[in-house]
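Please read all numbers here as calculations on a predicted model, not as lab measurements.
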Amino acid sequence: MSTSISRLNVKPVTNANFSLSVGTVVPRDVHFEPLPAEVVEVMPQYRGYNFILVREDIVIVDPATYKIVDVLPRGGQSTAAAPAPRKQTFSDSDRAVIRKHARSSRTEQRSTRTEQRTTGSAASTRVRVGDRLPDSVEIRSFPDEVYRESPRLREYRYIERDDRMYIIEPGERLIIEEIED
């Protein structure tokens, strides 16, 4: 990651008058650079984000909110850095509840999907963990029985694509996990 960013000849921010911590909002007058494609290939959770250099750190910033989502050291093993902190991992019991819901909802939705395919109104969009969904993609809430069985899922939503379910963090419309049947 550091090598890819170094090749860009980005000038570091020298007068950072903000905290270098996750969640800090960067002032609007700071100029960001898009992350290089080779960085996003290795670290897909950063897709759609920009960065700035501050001293010896690579600061990953959400361009929509200007919030810092990660701070990585420029040298050393930066490609092995931990994923962005907001990536949620779910317990096996959470996944089991989600799979149970997915099976029952697929049965109900098969006729709707078949009808959409024949009318041409269904858009096939390839999605991956780390992608941010456009506003045009409808995200759905889980049914109440899912929340009763696994209350921690209450803050998440989902979409289904190609018989897979993707868990969404609704505030940023970020795909955080793929659940396979």
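Smallest separation of non-hydrogen atoms from Ile179 and Arg99: CG2-CG, 3.8 Å. Across every non-hydrogen atom of Asn17 and Pro27, the tightest pair is OD1-CG, 3.9 Å.
Partners of Asn15 under the side-chain hydrogen bond (donor to acceptor under 3.5 Å, both in side chains) rule, at least two apart in sequence or in another chain, do not exist in this structure.
One distance of note links CD of Glu169 with CG of Leu133; it measures 11.0 Å at 0.5 Å rounding. Here the straight-line distance linking atom CG of Leu35 with atom CG of Asn50 works out to 6.5 Å at 0.5 Å rounding. Distance CZ/Arg154 to CG/Asp144: 6.5 Å, rounded to 0.5 Å. Rounded to the nearest 0.5 Å, atoms CD1 (Ile167) and CG (Leu153) are 7.0 Å apart. Note: Tyr166 OH to Ile175 CD1 = 7.0 Å, rounded to the nearest 0.5 Å.
Between Asp131 and Arg47 there is a salt bridge, since at least one side-chain N of the basic residue sits less than 4.0 Å from a carboxylate O of the acidic one.
A 4.5 Å side-chain heavy-atom check between His31 and Lys11 finds every atom pair outside the cut-off. For the pair Arg55 and Leu20, the minimum side-chain heavy-atom distance is below 4.5 Å. Two residues are said to be in side-chain contact when any heavy atoms from C-beta on lie closer than 4.5 Å; His101 and Glu149 fail this criterion.
Put simply, Val97 and Ile176 are part of the same group of oily side chains (I, L, V, M, F, W, Y) that touch within less than 4.5 Å, one to the next. Hydrophobic clustering of Ile, Leu, Val, Met, Phe, Trp and Tyr side chains at less than 4.5 Å, counting indirect connections, keeps Leu174 apart from Ile68. Using a 4.5 Å cut-off between side-chain heavy atoms of Ile, Leu, Val, Met, Phe, Trp and Tyr, with links allowed through other members, Phe32 and Val25 fall into the same hydrophobic cluster. Both Val13 and Val59 belong to a common hydrophobic cluster when Ile, Leu, Val, Met, Phe, Trp and Tyr are linked at side-chain heavy-atom distances under 4.5 angstrom. Note: the hydrophobic cluster containing Val39 also contains Ile60 (ILVMFWY, side chain heavy atoms under 4.5 Å, direct or indirect links).
Under a cutoff of 6.0 Å and an axis angle of 45°, Arg28 and Tyr66 form a cation-pi pair.
A distance-only check finds no donor-acceptor pair linking the side chain of Glu138 to the backbone of Arg140 [under 3.5 Å].
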### Stepwise side chain to side chain contact (heavy atoms under 4.5 Å, CB included) check, Val137 with Arg173
CA-CA 9 Å; Val137 175; Arg173 301 183 63 84; 4.1 Å; yes
### Chi angles and distances behind the side chain to side chain contact (heavy atoms under 4.5 Å, CB included) call for Ile98, Tyr156
CA-CA 11 Å; Ile98 292 167; Tyr156 300 99; over 6 Å; no
### Task
Take Asp62 and Arg132, measure what side chain to side chain contact (heavy atoms under 4.5 Å, CB included) needs, and give me the verdict at the end.
CA-CA 11 Å; Asp62 182 339; Arg132 184 172 292 124; 3.4 Å; yes
### Message
Go through it in stages, so that I can follow the logic: the residues are Leu53 and Ile58, the test is side chain to side chain contact (heavy atoms under 4.5 Å, CB included), and I'd like the CA-CA distance, side-chain angles, deciding distance and then a yes or no.
### Response
CA-CA 5 Å; Leu53 298 177; Ile58 300 167; 3.8 Å; yes
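Between Phe142 and Tyr158, the two ring planes are parallel [angle under 30°; tilted spans 30° to 60°].
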